[in-house]
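Heads up, the thing below is written out as structure tokens.
What you see is a predicted model; the values in this text were computed from it and never measured. Reminder, nothing fancy here: chain letters follow the sequence lines and each chain counts from 1.
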2 protein chains.
Amino acid sequence: MNGAAPAASDIIHGAFVRLNALAPLDQTAMSALNAAVARARTVSARTEFQTEGEVAPRVTLILNGWAARTRVMEDGRRQIINFLLPGDLIFTQAADQLAVANLTAVTDLVICDGPDPDVSPSLAAAYTTSRYIEKSFLYGQVSRLGRLTAQERVADVLLELLERHEMAGLAQAGKFAIPVTQEMLADAVGLTPVHVNRVLQSARQAGMLTWKGGMIELHGWSTLRRKCGHQRLRASSFYRGDRSSHSNGHERAESPTP
Amino acid sequence: MNGAAPAASDIIHGAFVRLNALAPLDQTAMSALNAAVARARTVSARTEFQTEGEVAPRVTLILNGWAARTRVMEDGRRQIINFLLPGDLIFTQAADQLAVANLTAVTDLVICDGPDPDVSPSLAAAYTTSRYIEKSFLYGQVSRLGRLTAQERVADVLLELLERHEMAGLAQAGKFAIPVTQEMLADAVGLTPVHVNRVLQSARQAGMLTWKGGMIELHGWSTLRRKCGHQRLRASSFYRGDRSSHSNGHERAESPTP
DNA sequence: CGTTCTATTGAAAGACCTCAACCAGGGTGG
DNA sequence: CCACCCTGGTTGAGGTCTTTCAATAGAACG
């Protein structure tokens with residue numbers, strides 16, 4: 001009992017912070033959640049706990065650890081669709097439909113069934129917000145893969161992960177635990193591990209980040225956002241004015257911060 | 001009156017076929033739909049009808065034409081997240097939340113509000129299936145951008161579009177109307193227009209497709225699927241039924257085609 | 001019929017990948 | 001306690017794929 005083993009409530013703290021950030025949870029929601037947590041189960045690292053094509057449970061809540069939603073091709077190429085962090089919810093549209101991707105534990109994982117949203121409007125609201133945010137990040141992933149350079153992609157995922165950890169109170173001052181290998185990161189951003197390594201090296205040398213012992217720290221990340229396409233993915237019109245300067249709409253013009 | 005102007009019921013026929021494929025619609029659903037169609041509105045080609053960051057309507061149904069969900073970066077780079085075809089539904093999580101992408105009409109578009117799913121269980125089922133399928137295709141888009149080569153990406157989107165047109169009865173023998181420019185296609189698959197052109201040229205010369213006058217025909221597309229990573233990326237069946245040949249569709253085994 | 005958009009093609013540059021070797025740390029077994 | 005192995009990170013060299021730049025042709029449009 002020297003403090004090495006945190007209490008259960010500590011382990012799931014991030015998940016609760018995150019859920020509460022989605023929508024302030026009332027007493028009913030909290031007790032439903034606690035009941036669900038009491039039936040939590042664990043998945044050991046690197047284990048696939050849902051396979052594409054199999055029947056999936058309705059709602060699953062990540063209590064602790066990282067998971068990854070993936071697709072794998074016959075020839076072995078693998079794509080990580082997105083990462084799932086504490087407080088993230090995994091929804092299935094209908095009970096009789098098949099999973100459209102695999103779910104793999106990145107770390108040892110603690111998960112439970114998501115409580116029935118009907119028990120509390122605040123819980124239903126949290127679920128709704130969760131879906132909404134996930135959709136937005138998914139669109140971000142598409143844009144990242146489709147239109148960002150390698151450097152930008154890496155910076156952009158890392159910023160997304162920081163953002164999400166902040167939501168769960170799991171980051172302080174741009175620093176959070178990142179339990180993925182460079183190979184996994186590569187599968188997430190559509191690059192090879194070798195090239196991810198090079199990108200990270202140059203980012204390190206540019207003083208943009210520190211990554212050591214499973215902890216990453218992003219330096220000057222508010223500047224990073226501006227430079228590396230994270231915040232840039234916002235609105236603007238499609239066909240209106242902005243076809244003037246750039247004839248086809250995607251040169252890599254680096255707008256040097258004035 | 002030489003037949004150039006089809007009746008309204010013809011125009012929206014594809015959308016109805018598609019909806020009915022999602023879930024067989026009962027009489028109540030059909031009359032709710034007809035009521036919604038009566039209040040249809042049009043959007044002219046190349047017009048943005050929803051902007052990221054603005055308040056979005058709850059459910060919108062595409063009755064005719066193509067639309068595109070996009071994100072645009074400050075420097076003009078543009079990514080088409082996905083295409084929206086007749087019978088596709090555009091959902092918003094909650095009325096008070098902001099759109100997370102732009103919606104632009106690719107062609108002249110006929111849309112209407114989606115009827116309240118509470119009026120008919122069959123309609124609700126159709127909505128659910130729609131969300132489910134869209135999610136699967138979205139994961140497909142991520143995998144496409146992240147892990148396919150240029151040739152494969154182009155073949156893969158075209159196969160997806162064919163598949164979706166078939167669902168709406170809008171394709172015959174691998175042939176359907178494709179009202180996009182090569183530039184749009186490039187924005188969808190994360191390539192430059194120039195390279196899309198080259199890929200199309202070589203596909204033409206390989207006898208894989210014919211694209212002329214807004215109509216495309218994919219030749220030997222069942223072979224194409226095997227060769228270009230289409231089938232590999234997704235569970236082909238939505239429900240339990242046809243899981244005969246492929247056990248789960250993604251072992252990591254390296255099976256080099258002999 | 002000019003104007004504008006779209007498709008097409010060539011040449012050269014650049015980004016990213018592949019292959020391959022080497023290193024560092026951590027666990028394991030002798 | 002140390003040699004060994006295995007995984008994951010690092011680095012170099014060379015090749016391939018995709019982009020960029022640029023110029024031309026065809027089609028659509030008013």
Side-chain angles (χ1 to χ4, degrees), chain A residues 45-46 75-79 106-107 144-156 178-205 209-216 228-229 238-254, chain B residues 44-46 75-79 106-108 144-155 178-205 209-216 228-229 254 256:
Chain A
R46 311 241 160 168
D75 61 10
R77 280 181 284 183
R78 175 178 318 154
Q79 176 65 42
V106 171
T107 62
R144 183 153 56 220
L145 294 171
R147 284 295 176 232
L148 297 193
T149 65
Q151 296 243 349
E152 292 171 325
R153 285 187 213 180
V154 171
D156 192 65
I178 185 165
V180 299
T181 63
Q182 293 182 3
E183 186 182 359
M184 287 182 199
L185 198 58
D187 283 337
V189 296
L191 300 168
T192 57
V194 174
H195 203 242
V196 164
N197 182 283
R198 284 191 233 270
V199 168
L200 286 174
Q201 290 302 335
S202 84
R204 274 196 259 255
Q205 279 157 30
L209 58 83
T210 314
W211 182 348
K212 199 153 178 273
M215 292 295 291
I216 194 171
C228 295
F238 198 153
Y239 280 110
R240 293 300 151 159
D242 66 329
R243 290 168 62 74
S244 46
S245 58
H246 46 80
S247 54
N248 64 11
H250 33 56
E251 65 272 6
R252 295 190 167 158
E254 193 73 14
Chain B
S44 41
R46 312 242 157 165
D75 62 10
R77 280 180 284 182
R78 175 180 316 151
Q79 177 64 42
V106 172
T107 63
D108 284 341
R144 181 151 59 218
L145 294 172
R147 284 293 177 233
L148 297 193
T149 66
Q151 295 243 350
E152 290 171 325
R153 287 189 212 179
V154 171
I178 185 165
V180 299
T181 62
Q182 293 181 2
E183 185 183 358
M184 288 182 197
L185 197 58
D187 283 337
V189 297
L191 299 168
T192 57
V194 174
H195 202 241
V196 164
N197 183 282
R198 284 190 234 271
V199 168
L200 286 173
Q201 290 301 334
S202 84
R204 273 196 260 255
Q205 278 158 32
L209 58 85
T210 313
W211 183 349
K212 199 152 177 276
M215 292 295 291
I216 194 171
C228 294
E254 192 75 14

A correct 5'-to-3' footprint of nucleotides 25-30 of chain D, with B, S and - meaning base, sugar-phosphate only and no protein heavy atom under 4.0 Å, is ------
The contact string for nucleotides 8-15 of chain D, one letter per nucleotide 5' to 3', using protein heavy atoms under 4.0 Å with B, S and - for base, sugar-phosphate only and none, comes out as SSBBBB--
Donor-acceptor list for residues 198-205 of chain A side chains, cut-off 3.5 Å, not counting sequence neighbours:
residue : atom : partner : partner atom : Å
A:S202  : OG   : A:Q151  : NE2          : 3.2
A:S202  : OG   : A:V199  : O            : 3.2
A:R204  : NH1  : A:W211  : O            : 3.2

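If you measure from atom CZ of B:R77 to atom P of D:dT19, you get 12 Å, rounded to the nearest angstrom. Atom CZ of A:R147 is separated from atom P of C:dA15 by 16 Å (rounded to the nearest Å). Between A:H195 atom NE2 and C:dT18 atom C1' the separation is 12 Å, expressed in whole Å. Atom CG of A:L145 is separated from atom P of D:dT18 by 15 Å (rounded to the nearest Å). The interatomic distance linking B:D75 (CG) with D:dT20 (P) rounds to 11 Å, in whole Å. Here C:dG25 presents its P atom at 9 Å from NZ of A:K212, a figure rounded to the nearest Å. As a whole-Å value, the separation of B:L191 CG from D:dT20 P is 11 Å.
Annotation: side chain of A:R77 is in contact with side chain of B:L148 (closest heavy-atom distance under 4.5 Å).
Residues A:A45 and A:V106 come closest through the heavy atom pair CB-O, 3.7 Å. Residues B:A186 and B:P193 share a closest heavy-atom pair of CB-N, 3.5 Å. Across A:L145 and A:A188, no two heavy atoms sit closer than the pair CD2-O, 3.8 Å.
To the nearest 0.5 angstrom, B:T107 atom OG1 is 12.5 Å from B:I178 atom CD1.
Qualifying side-chain contact (heavy atoms from CB on, under 4.5 Å) partners for A:T192, counting only residues two or more places apart in sequence or in other chains: A:V194, A:H195. When the side-chain contact (heavy atoms from CB on, under 4.5 Å) test is applied to B:T210, the partners found at least two apart in sequence or on another chain are B:E217, B:H219.
Residue B:V189 is tested with B:M184, B:R153, B:Q79, B:E152 for a side chain to side chain contact (heavy atoms under 4.5 Å, CB included); the sole match is B:R153.
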Write down the protein N/O and nucleotide N/O pairs, taken from nucleotides 22-24 of chain C, whose separation is under 3.5 Å; answer none if there are no such pairs.
none

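Heavy atoms of B:G190 sit under 4.0 angstrom from primed sugar atoms or phosphate atoms, though from no base atom.
Residue pairs meeting the side-chain hydrogen bond (donor to acceptor under 3.5 Å, both in side chains) criterion with at least one partner in residues 178-187 of chain A, sequence neighbours excluded, are A:Q182-A:N197, A:D187-B:R147.
Annotation: the terminal axes of the helix from C:dC1-D:dG30 to C:dG30-D:dC1 meet at 40°, where each axis is the rotation carrying the C1' atoms of four end pairs onto the next four (5 pairs per end, rounded to 10°).
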